[in-house]
Amino acid sequence: MSTDIFNKFDNFLHDLCKKLINNKIIKNDIKLQNIKFEIPKDENNGDLSTNALLVLSNVSSLSFKEFSEYLINELNTIEEVDSVELAGPGFINLYLKNTIWYSCIENINNEGKTFGFENVGNNQNINVEYVSANPTGPLHIGHCRGAVIGDTIANLCNKMGFNVSKEYYVNDAGGQINELIKSVLHRYKLLSGTVENSNDADIEYKGEYLQPVTEYIYNQYGTALLDMNQIEYSSILRDCTIDFILKIIKEDLKKINIEHDVFFSEMSLIKNNELVDCLDTLRSKDLLYYGVLPKPKKIIDVEYDEREQELFKSMNYGDDVDRPVTKNDGSHTYFASDIAYHFNKYNRGFSKMVNIWGADHAGYLKRVKGSLHAITDGKADLTIVLCQLVKLFRDGKPVTMSKRANKFITINEVVDEVGCDALRFMMLFRKNDAPLDFDFSKVTEKSRDNPVFYVQYAYARIFSVSRKLEEFNLNIKFNYEDLKNSNYTLLNDIQEIKLIKKLSYFPKILKLTLQTYEPHRIAYYLYELSSEFHSLWNKGNDNENLRFIISGNKDLTKSRLSLLFAISNVLKSGLDIIGVNAPKEMN
RNA sequence: GCGCCGGUAGCUCAGUUGGAUAGAGUACUUGACUACGAAUCAAGGGGUCGGGGGUUCGAAUCCUCCCCGGCGCACCA
């Protein structure tokens with residue numbers, strides 16, 4: 001079942017093209033995708049507009065005039081079409097009968113939560129990996145944008161018929177973890193009294209969040225770790241600390257409505273020999289070799305260890321240079337385990353993958369895509385969504401963060417101050433490849449300038465009508481059973497029709513968002529829909545006949561309420577995907 | 001030096017993946033509450049879409065060359 005009423009028109013057009021090709025009226029070297037209906041920006045240009053004449057008249061054996069007449073006649077045969085006109089530069093514009101909009105309300109309310117979500121995934125597996133911050137401390141605001149974008153994409157995929165795994169890749173094997181262990185060990189020694197002063201100049205992680213886990217370890221083991229060899233105590237410190245920090249991270253994520261299905265350990269790839277096997281595979285494909293990398297241009301007068309190392313031929317895949325898989329201490333690079341991780345995803349049945357990365361990792365893109373292509377013989381499809389950084393402001397002034405001084409703003413702090421709804425919505429209220437300014441003072445404002453509030457207010461207003469309804473003794477309830485099959489033809493104000501049209505675009509927005517992986521489109525759509533609703537509301541202020549509840553007129557009230565019910569359905573669906581609450585009352 | 005991403009109204013930003021006279025918010029000016037929540041709405045002015053060239057029926061969008069800003073560029077992640 002398709003909930004997008006516009007599909008029908010595109011299909012009609014494409015069938016028509018095929019017919020014309022078969023009859024040799026047009027040449028067959030055209031791309032059907034380019035011939036389409038669009039919703040004109042200017043409503044004076046109809047409800048739908050097609051470029052078919054513009055695109056096809058050049059490859060047609062008919063004259064422009066003959067061809068236009070033919071197309072117009074054909075389009076006039078569509079049941080829902082009221083009139084067809086040839087416009088200025090060669091567009092053909094359709095004006096649709098109002099019945100199509102009325103059936104749209106009925107569809108929305110009948111389908112409820114499923115309206116707009118076409119099954120494009122067909123149960124195909126998709127792996128969405130996001131956040132994946134190093135387990136060395138709590139999440140800070142910089143992680144937040146990718147987290148929300150990834151989560152929204154995952155939600156959408158799920159609703160559009162994909163079988164989604166939300167994943168977090170845990171880098172529990174690299175050098176940063178060793179630094180983390182050193183930091184905890186230092187605290188442990190202080191606690192057990194074996195170190196007196198806290199000369200911690202060479203300690204990388206100085207955050208107080210490490211104190212509880214240190215105390216936990218001390219309570220558990222006492223001073224026993226001091227008698228163990230390094231391998232033994234490192235292992236204990238590592239396991240306890242990572243467990244502990246992951247617990248903090250999971251709690252932080254839960255506060256912004258995020259729960260991953262899988263936390264995947266980098267270490268497991270090493271323990272299971274998957275990493276080694278992957279490198280072997282690449283060697284067998286002749287994609288690894290020993291070579292010396294040229295000195296990077298950026299390095300001037302700094303010591304550069306020009307040495308031979310094992311490299312992956314990422315230049316074969318468009319990268320600037322080939323990339324090392326082993327470090328100078330002989331251990332593997334992060335890149336090497338990343339190859340194994342992505343191959344592991346593929347082997348778990350995910351030939352479709354999406355990764356959400358910060359823009360600072362953009363340089364990493366080609367080698368990862370290249371290596372995945374190499375090791376799966378091009379059978380895996382990886383999309384990488386890059387998101388730009390978030391700049392924090394308070395009252396228009398930038399808030400400084402410094403990792404060195406251990407002064408970073410955590411997600412926890414932001415949620416406590418502005419709430420999950422505002423945070424999530426604002427993270428999506430910018431396209432992901434543009435930098436985002438996040439102003440604490442603005443997102444708590446209760447005005448049109450704050451889109452979160454504006455959309456939620458629209459939803460709450462609808463339910464204020466449903467509460468008001470009880471005072472009128474019209475014997476109607478605000479639910480589908482009572483509102484279905486209303487006399488929709490009573491909805492004939494321009495603004496009412498405009499709103500229904502906007503509702504009918506929802507399926508298109510969802511599809512486009514899925515194709516582009518650009519979830520900001522949903523946030524903007526909800527904002528626009530809310531705006532149309534507020535506009536209709538105020539029309540009722542000026543003209544009592546346009547209010548939603550009309551005393552003594554049950555039929556009209558029912559039809560108006562069914563429109564409100566449809567709006568509330570779509571607002572709710574949209575807010576659900578982006579993970580923001582839909583409150584029935586504001587406070 | 002190379003690569004990636006941006007440059008759209010005074011300011012903050014959208015722009016249906018090449019469509020018609022480029023749109024919102026904000027700010028400024030002016031109007032609408034005996035109320036279904038005015039926390040809202042209506043109206044007005046405001047533009048060389050960074051600049052040049054190209055592709056075509058048609059470009060903010062695609063190609064190319066410059067200018068400006070952000071991020072990245074061995075062994076970290």
Side-chain angles (χ1 to χ4, degrees), chain A residues 34 36 38-42 44-45 49 51 53-55 57-58 64 87-91 93 132-134 136 171 174-177 179 266 292-299 302 304-307 309 318-321 323-324 326-329 331 333-335 338 358-366 386-389 391 429-435 437 439 442 445-451 453-454 456-458 460-462 464-469 471-472 505 508-509 512 515-516 518 520-521 524-525 527-528 531 533-542 544 547-549 585-586:
Chain A
N34 293 340
K36 59 192 173 183
E38 286 189 330
I39 297 158
K41 278 183 272 192
D42 187 340
N44 291 322
N45 291 326
S49 172
N51 58 354
L53 182 59
L54 286 165
V55 177
S57 62
N58 282 342
F64 186 88
F91 291 102
N93 297 338
S132 299
N134 280 348
T136 52
N171 301 126
Q176 295 303 311
I177 295 299
E179 291 301 320
E266 179 187 6
V292 178
L293 285 178
K295 182 175 166 181
K297 295 278 187 219
K298 190 195 166 195
I299 294 183
V302 181
Y304 172 68
D305 183 16
E306 197 168 278
R307 66 183 184 92
Q309 53 193 155
D319 208 349
D320 304 330
V321 287
R323 304 291 180 173
T326 43
K327 302 185 208 169
N328 55 12
D329 67 358
S331 65
T333 60
Y334 176 76
F335 172 49
D338 231 349
D360 52 343
H361 286 61
Y364 213 75
L365 193 146
K366 280 176 180 161
L386 294 176
C387 48
Q388 290 290 332
L389 306 178
K391 276 187 239 162
F429 209 61
R430 189 105 320 162
K431 89 189 138 192
N432 49 279
D433 45 11
D437 291 348
D439 194 318
K442 218 164 207 177
E445 211 172 86
K446 294 181 175 179
S447 76
R448 179 162 193 169
D449 201 22
N450 177 2
F453 168 78
Y454 188 72
Q456 289 186 324
Y457 180 41
R461 263 187 153 177
I462 291 174
S464 84
V465 176
S466 86
R467 287 190 291 274
K468 190 76 187 173
L469 185 60
E471 299 171 15
F472 281 78
Y505 305 157
K508 272 183 161 338
I509 298 291
L512 190 63
Q515 280 165 16
T516 56
E518 290 174 342
H520 73 280
R521 291 175 187 275
Y524 273 91
Y525 171 80
Y527 183 73
E528 289 163 14
S531 169
F533 163 75
H534 287 304
S535 180
L536 180 62
W537 179 291
N538 270 74
K539 262 188 133 173
N541 268 349
D542 299 337
E544 283 195 20
R547 294 189 176 187
F548 301 119
I549 303 171
E585 271 179 273
M586 304 297 278

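Here the structure is a predicted model, which is why all the values come from computation and not from measurement. The chains referred to below are lettered A, B, ... by the order of the sequence lines, with proteins before strands, and numbering in each begins at 1.
- Which of B:C76, B:U40, B:A74 sits closest to the side chain of A:L293 comes down to B:A74.
- Side chain A:D42 to base B:A22: no donor-acceptor pair is found below 3.5 Å.
- A donor-acceptor pair is defined here as one N or O able to donate and one able to accept, closer than 3.5 Å; no such pair exists between the side chain of A:N93 and the backbone of A:N44.
- Remark on RNA chain B: of its neighbouring residues A:E518 and A:R467, the 5'-side contact belongs to A:E518, judged by nearest-heavy-atom nucleotide.
- Both stacking criteria are satisfied for A:F91 over the base of B:A20: a centre-to-centre distance under 5.5 angstrom and an angle between ring planes under 30 degrees.
- Taking only distance into account, the side chain of A:H520 never meets the base of B:A14 through a donor-acceptor pair shorter than 3.5 Å.
- A:Y364 comes within contact range of at least one nucleobase, with a heavy-atom separation under 4.0 Å.
- Residue contacts shown for A:G174 are limited to sugar-phosphate atoms, with no base heavy atom under 4.0 Å away.
- Within the structure, a side-chain polar atom (N or O) of A:W537 is placed less than 4.0 Å from OP1 or OP2 of B:A38.
- Taking 4.0 angstrom as the limit, A:K442 places none of its side-chain polar atoms (N or O) nearer than this to OP1 or OP2 of B:U12.
- Within 6.0 Å of the NZ atom in A:K508, the count of heavy atoms belonging to other residues, nucleotides or ligands exceeds 12.
- In this structure, the side chain of A:N171 does not engage the main chain of A:A133 through any donor-acceptor pair within 3.5 Å.
- One finds a side-chain N or O of A:K431 lying less than 4.0 angstrom from the OP1 or OP2 phosphate oxygen of B:A14.
- B:G58 and B:A39 have their C1' atoms separated by 44 Å, given to the nearest Å.
- Taking the six-membered ring where tryptophan is involved, the planes of A:Y364 and A:F335 are perpendicular, since the angle between them exceeds 60° and thus also 30°.
- Not a single donor-acceptor contact under 3.5 angstrom links the side-chain atoms of A:S535 to the base of B:A42.
- If you check every strand for non-hydrogen atoms under 4.0 Å, A:N171 touches sugar and phosphate atoms only.
- Spacing between B:C11 and B:A27 at atom P, rounded to whole Å, works out to 15 Å.
- Side-chain polar atoms of A:R461 and A:Y457 form a donor-acceptor pair below 3.5 angstrom.
- Here the nucleotide nearest the side chain of A:N538, chosen from B:U40, B:C71, B:C13, is B:U40.
- Summarising the geometry, the separation between CZ on A:F453 and P on B:U26 is reported as 13 Å, rounded to the nearest angstrom.
- For B:A60, neither phosphate oxygen OP1 nor OP2 lies less than 4.0 angstrom from any side-chain nitrogen or oxygen of A:K41.
- Note on A:N45: a base of the nucleic acid sits closer than 4.0 angstrom, heavy atoms only.
- Phosphate contact (OP1/OP2 of B:A38, side-chain N/O of A:R461, threshold under 4.0 Å): present.
- Mapping A:I549 and A:Y454 onto RNA chain B by nearest heavy atom places A:I549 closer to the 5' end of the strand.
- Remark: ring of A:Y524 not stacked against base of B:A14; the cut-offs of centroid gap under 5.5 Å and plane tilt under 30° are not jointly satisfied.
- Between A:R430 and B:C13 there is a side-chain N or O to OP1 or OP2 distance below 4.0 Å.
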